[in-house]
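In what follows, chains are A, B, ... by sequence order, proteins preceding strands, each numbered from 1.
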Amino acid sequence: MSDNPILVIGGGPAGLAAAKGIADLGRKAVLVEKEEYLGGTPIKEKYAALTPDFRDAEEAMGEMIKAVTDDGNVEVITNSTVTSVEGSAGNMKVSVQNGGSGKTIDVSSVIVSTGFDHFDPGEETQVYGYYEYDDVITLTDAEKMLKEHKFVKPSSGEAPESVCFIQCVGSRDRQIGNQWCSKVCCGIASKDAMEIKQILPDAKVFVFYIDLRAYGCWEDDLYWKAQEEYKVNYIKGIVTEITKQGDKLIVKGEDTTMGRPMEIPMDVVVLSTGMEPSEGTKEMAGVFNLPLESHGYIGTIGGPLNTVETSVPGVFVAGASTGPADLEDSVSMGGNAAMKACAFAMKN
Amino acid sequence: MSEHKYQDSVQLEQVIVDGMDISGHWNKMFVPRALTQFDISGLEQLRDIPGAESINNCYQCAKCVGSCPVEYVGSYGPRKIYRKLQIGTNLIEDDYLWLCTTCKNCVRVCPKEVNMGEIIPAAREKAVLGGFIPDEIQEMLQSVSEYGNPMGESARKRAKWTKPIKDSIKNLAKAEEGESVDVLWFVGDFYAYHGRGNDAALAMVNVFNRLGVDFGILGEAEKTDGDSQRLVGESGLFEDLANHNDALFEKFPHKDLVVNDPHAYNAIKKFYPGITGNTRNVTHYTQFLSSRLDELKALMTKSFDKKVTFHDPCYLGRHNDEYNAPRELINSIPGATFIEMPRHKEQSYCCGGGGGGMWLDGLVANYTSERLSTNRVREAVETGAEVLLVCCPYEVSRFEDAVKAVNAEGKLEVMDIVEVINACIPEG
Amino acid sequence: MKILVLLRQVPDLVEDLEVDDSGKALDVSEIKFKLNEYDEHALEEAILLKERGEADEVVALTQEGEGSEKVLYTALAKGATLAKSIAISGEASDSAQFAKLMAEAAKAEGGDMIMVGVQSVDDRDGQLAPIVAASLDMPCISAVTGVKVSGNTASIFKEYSGGIMAEFEADLPAVIGIQAAEQPPRYAPVSKIKQIQDSAEIGSLSASSSNGASSIEVLALAPPPKGEGAKMLDSGKDLLDVLKDLGVA
Amino acid sequence: MANILVVTEHIKGNFEDISFEMLGLARELAGATGGTCSALVFGAMKSNASQLGAADVVLAADAGDEYNPEEYSAIVESVIKDKSPDLVLIGSTSMGVDIAGQVGTTLNLPIISYCNAIEASGSAFKCTSQLYGGKLNSQVQVSQQAIVMVLAGSADPETGKSGGSASLEDVSAGKGAGKVRFKTLIEPEASDVDITQSQVLVSIGRGVGSKDDIEAIEELAESLNADVSCSRPIVDAGWMSKSRQVGKSGLKVKPKVYLALGISGAPEHIEGMKSASTIIAVNTDPQAPIFDVAHYGIVGDLFDVTEELMDELD
């Protein structure tokens, strides 16, 4: 039974949950994080509030981070990445690089929780004019503004009269190569829509969707609430293209329910950009030569019945590095991975 | 097109039952609901045709309909076709099959890659073999199979336009095998037979000569490139045309094969090789001229002080990703100010002539409020441009027709880019 | 019920027609030949009858020569059940003699109805339908735009000018000169013709020309005297005189 | 001393114009050769024999009142055998085409079709026939008994109405085997005319300013007993139905006279009407391409010309 620490790579919700879980089981954990700060995407992308409970992202993540940094069992190494590994199950020697200097650590097992990157709509395949028109923004841009409790037209700084969200940008798209549904954008878009209506009650907010995917309790916590209480307009039909006329953006497409062509002037267009395997996820897959599943995420071996074990003994995975995942998924997988990693360490 | 069966359930204005007036929306229950059966045989038939399988991928997101040029002036688009297929339409026997101009704007935006650029020709091939061919298209195909051009003009008159410049052009029609030229120029039907096309052709000859290009034309021996015939489903005729023209390319060795018609460019570049086994160094004339831009700039000393705008032809742009060559030429026209239309490059609006559309105006008129070319010319006029520049021979006649339709005569001229380039080169 | 359709190749008017050195006949070397438009309508009407079940066989016949195979394979691709080319020995000096040769071949083939185009651009010496009919002692009705067959009689719709039609009933066999089929002639896709070329066979018939040269003397063949472009008139009154000359006003 | 026989044509008790035109020609030929001209009439038309003023003798044959290809051919055959005329004039028409071919073959007489001019030259006759869609004329000479098919519009019908003694003579003639029976005449539906069959067309283009101006044109067409057709812009504007559109995306017409009012003559339109025998164009633009294909032209406003025509006609 090796009492080497368990390595957790990536300090987002999944990584924090895993590290805390390991510590609570009385074992040592080493949490390596690329950024200077912990908290992962919610902090990096400056989310305003978490989905679905609207808690202030910084405050909620702050508590989770504090629980880990205060726990003696967890050694946090920020600004660092894992660059190589030798040995095998039970006693792996990983080298952790921090800019110039680096060190090697003997670990008993590893949890990869390196998360996702938001899809960049500027790639040449997506032509909603994200880099051409200032008023075309992404979900993360919106979150940044909402974090400061304001929502303005980037081109003029004034409050917009009309805002619309376009769903499935960079997801469910064979041409772009991301065929999966990113699971969270419908929920996040509905939340953001409500937050915008809180700040700008008179603004007209639209959501253009193919099929609005608000799973489980998100259905009425987010979708119904947005539509019924905050009067967000949901229109079935994805926008085709955006052109600029004067200071307005013209959103063109088809209102499929009414079977009518649709050309609506908008002040701000928010692209609900989905998830893609993050750079970190790709790197770690390389370092630990973890086979990827067909969409490019890290493959697990048990299908739905074992979500955290990879085919490399002693290497576990959690959160969005295995596929689109919301906060509940990430934190739950974090805990599961912690348990399995500890069990593995005890047996080897 | 059959409206769906359950839509005709009757809602009675006024209903009295046992003395009680139950008029109102609930009396719909008064009439037993019609049993509806989704007849998707049309969809099943279409997706089984080789080349048309991708119609089955559509998940009805409707991105395509917003991009469809026919939708702008009517009600059309892949999603709507898919919907009609679901409720009983058989596309093979329906006018809807013939409204698509194969402009591939929908293919550009479709997340499921439903490829109308392949579905429509494949479906039309089955329609043609089954005998479901619009009269206008039958007439065009008859002309092409009889005379080698869709106008029904005599093949012998294909080089008549060269009469005024007999000595400054090499006509290889009767030349010996092996006679070579640097540039083999595939003139095309509209340049050869249509009045306004002749103007552009003569301009092209002058530009070639002033650039000192050693070029030759196929003259009477040339036949239509066949792309439009392929797109209306006459693949057999297309094969004959491909073999005929390619034999001529083989007969006269050349470095560059220059075409002025994006449809010819598309056919020779992408589809001839599959049939003839040979690939040719084919370039569109805007690509050829922009590769000689410095020499051209030196020649173009007369200024052309006009506001111009440009229409990207679907078969040069979306089908073959060439957006820059025409713009390089336009930007080098001395004195011209270039204003882009809102719908330009990948998002360019279609002139309605592609995919057989040139010969389907009669049929399409029954389904649209105005012609696509009229809608496009309206947009050109709104830019305040004085000249609408084109580089596809189909468009000169279509847009000049449309200028009349929007009463913009005298306000907007339509010119082929080569005509403007030629106008900037002084005599001598 | 077996229908024979006689198909002729005639000079294509799209080409410029030139007269040969004798000044009395066409310079054949320059012309392009194509299927006579009216014969195409006759073939279409015959195929329509077959599709309506009023005829079981449609046999396409044409004179053997350059382009005859393409004509026959196209006819088969459109729906003809059989195709035969007629080898003519000797020269048919005018359209009357040609008609008698075609009658001879038709007689050899046998059939309940013979359908031909009402006229062609070069049948100066008499039209095919009536001459074939008289040669085979059959009734003839020309300028027909509709045929319905029941048993061994046919109702035939003949068109006069101004759109008035006459309905006749004729005992078969009969010869019908078609002016227009009930729908525009269908197009035979090249791919279908290619399929037919591999599978179908073309039969053959023969006919030999008997009586010698025609009894009229051809003096000249020349373009009509042509004015230069539009003759410009000054007023409505001049226009009225022109209309009067044309028998319109 | 030529004896010319004219086979007249009629519908519903009225002689067709071609009958008078042929009679005029026959009268002229008879006059030139010091011969006679006779006209064969069928059945009830005997009572209208006096209208054929130019005929020396009107031969009346007992026959059904309406044209029957088999019966009338048999009659013509036996009259020719009986009267052995030097020349037989038959219309190059829907009726004439049946008779000429059959009778010429049974009596082994040469047939000359599509003639628009006949001259006597000594004992022979010189005929000009229009072939190849009017592109070439064939001049032939015949010096034996022959059948000549005369194109409608080759002569002035008035010339056939006077100048002869018009005596009447009954002829007996065989009526054929009765294999063909006349059933009924069918009138075209009044609502819409098939312009591809019209003989005279008044066609309007963009030069017509608005929908209600079309009425004046319809009146003109009425008085010329012509049908109205149009170019594409008129249909696109919704002023006339698609069935009236001439041109590439419309219909192809082959009228005797095509009066083009305010039509510029785009290639796509020319394609639909180039086979009209006589084209008259009225357009304000002297350079309009229509003038290159027209036989007659007026540069001016189509409404002025129409008014002038209407005043002259009343």
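- Around NZ of C:Lys107, the count of heavy atoms belonging to other residues, nucleotides or ligands within 6.0 Å does not exceed 12.
- Using a 4.5 Å cut-off between heavy atoms, D:Thr184 contacts chain C through both its backbone and its side chain.
- Looking at C:Val242, the atoms closer than 4.5 Å to chain D (heavy atoms on both sides) all sit in the side chain, from C-beta outward.
- Of the possible polar contacts, one joining the D:Ser113 side chain to the C:Gly126 backbone as a donor-acceptor pair under 3.5 Å is found.
- Proximity to chain C is absent for every atom of D:Asp194, based on heavy atoms less than 4.5 angstrom apart.
- Within the 4.5 angstrom heavy-atom criterion, only side-chain atoms of D:Ser129, from C-beta onward, approach chain C.
- The shortest non-hydrogen separation linking D:Lys256 to C:Leu246 is NZ-O, 3.5 Å.
- The distance from atom CD of C:Glu167 to atom CZ of D:Phe182, rounded to the nearest 0.5 Å, is 9.0 Å.
- Contacts between residues 11-19 of chain D and chain C, defined by a heavy-atom separation under 4.5 Å, are made by D:Ile11, D:Lys12, D:Glu16.
- With a threshold of 4.5 angstrom between heavy atoms, D:Gln139 approaches chain C through its backbone and through its side chain.
- Contacts of C:Ser120 with chain D are made by backbone atoms alone, with heavy-atom separations under 4.5 Å and no side-chain atom involved.
- For chain C, the option among D:Leu224, D:Asn137, D:Val180 with the highest count of heavy-atom pairs below 4.5 Å is D:Asn137.
- Within the 4.5 angstrom heavy-atom criterion, only side-chain atoms of D:Gln144, from C-beta onward, approach chain C.
- Taking 4.5 Å as the limit, some side-chain heavy atom of C:Ser235 sits within range of a side-chain heavy atom of D:Glu308.
- Considering every non-hydrogen atom in both D:Leu185 and C:Ala166, the closest pair reads CD2-CB, 3.8 Å.
- Heavy-atom distances place the side chain of C:Val19, and not its backbone, under 4.5 Å from chain D.
- Summarising the geometry of C:Tyr160 relative to D:Tyr67, their closest heavy-atom pair is OH-CD2, 3.3 Å, with the distance given to 0.1 Å.
- A search for side-chain contact (heavy atoms from CB on, under 4.5 Å) contacts involving D:Lys175 returns D:Asp62, D:Glu71, not counting sequence neighbours.
- Taken to the nearest 0.5 Å, the OG atom of D:Ser121 stands 8.0 Å off from the CG atom of C:Leu219.
- Side-chain contact between C:Gln179 and D:Gln197 is present, with heavy atoms from C-beta onward closer than 4.5 Å.
- Contacts between D:Met149 and chain C at a heavy-atom distance below 4.5 Å involve the side chain alone, from C-beta outward.
- Counting heavy atoms from C-beta on, the side chains of C:Met232 and D:Ile298 never come closer than 4.5 Å.
- The NZ atom of C:Lys231 sits 10.5 Å away from atom CD1 of D:Ile280, with the distance rounded to the nearest 0.5 Å.
- For chain D, no part of C:Ala129 is nearby; none of its heavy atoms comes within less than 4.5 Å.
- Around the CG atom of C:Asp20, the shell of radius 6.0 Å holds more than 12 heavy atoms that belong to other residues, nucleotides or ligands.
- Within the 4.5 angstrom heavy-atom criterion, only side-chain atoms of C:Leu243, from C-beta onward, approach chain D.
- The side-chain heavy atoms of D:Thr278 and C:Val248, taken from C-beta on, include no pair separated by under 4.5 Å.
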Exercise. Passes side chain to side chain contact (heavy atoms under 4.5 Å, CB included), C:Glu217 versus D:Val140? Steps please.
Worked result: CA-CA 6 Å; C:Glu217 188 203 348; D:Val140 291; over 6 Å; no
Problem set entry | Stepwise side chain to side chain contact (heavy atoms under 4.5 Å, CB included) test for C:Thr153 and D:Arg181 | CA-CA 11 Å; C:Thr153 64; D:Arg181 296 162 290 284; 4.2 Å; yes
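- Residue D:Lys179 holds its NZ atom at 12.0 Å from SG of C:Cys140, rounded to the nearest 0.5 Å.
- Counting heavy-atom pairs under 4.5 Å between each of D:Gly101, D:Pro157, D:Ser143 and chain C puts D:Gly101 at the top.
- The greatest number of non-hydrogen atom pairs below 4.5 Å with chain D, out of C:Val218, C:Leu239, C:Asp122, C:Asp238, is found for C:Leu239.
- Going from atom CD1 of D:Ile111 over to atom CD1 of C:Ile216 covers 9.5 Å, rounded to the nearest 0.5 Å.
- Within the 4.5 Å cutoff, side-chain heavy atoms of D:Tyr114 are placed close to those of C:Asp123.
- Residue contact with chain C, scored on non-hydrogen atoms closer than 4.5 Å, involves the backbone and the side chain of D:Tyr132 alike.
- Ranked by heavy-atom pairs under 4.5 Å with chain C, the first of D:Met95, D:Glu70, D:Gln130 is D:Met95.
- Heavy-atom distances place no part of C:Ile156 under 4.5 Å from chain D, backbone and side chain included.
- Between atom CG of residue C:Asp16 and atom NZ of residue D:Lys135 there is a gap of 6.0 Å, rounded to the nearest 0.5 Å.
- Checked by atom type and distance alone, the side chain of C:Ser142 never pairs as donor or acceptor with a backbone atom of D:Asp98 at under 3.5 Å.
- Both the backbone and the side chain of D:Val97 come within less than 4.5 Å of a heavy atom in chain C.
- Side chains of C:Pro130 and D:Thr105 form no contact here, defined as non-hydrogen atoms less than 4.5 Å apart.
- By the 6.0 Å contact criterion, CD on D:Glu222 is open, its count of non-hydrogen atoms from other residues, nucleotides or ligands being 12 or less.
- In this structure, chain D has a heavy atom under 4.5 Å from the side chain of C:Lys158, while its backbone stays farther away.
- Highest contact tally toward chain D, considering only C:Leu172, C:Val10, C:Leu26, is held by C:Leu26 [criterion: heavy-atom pairs under 4.5 Å].
- Around the NZ atom of D:Lys126, the shell of radius 6.0 Å holds no more than 12 heavy atoms that belong to other residues, nucleotides or ligands.
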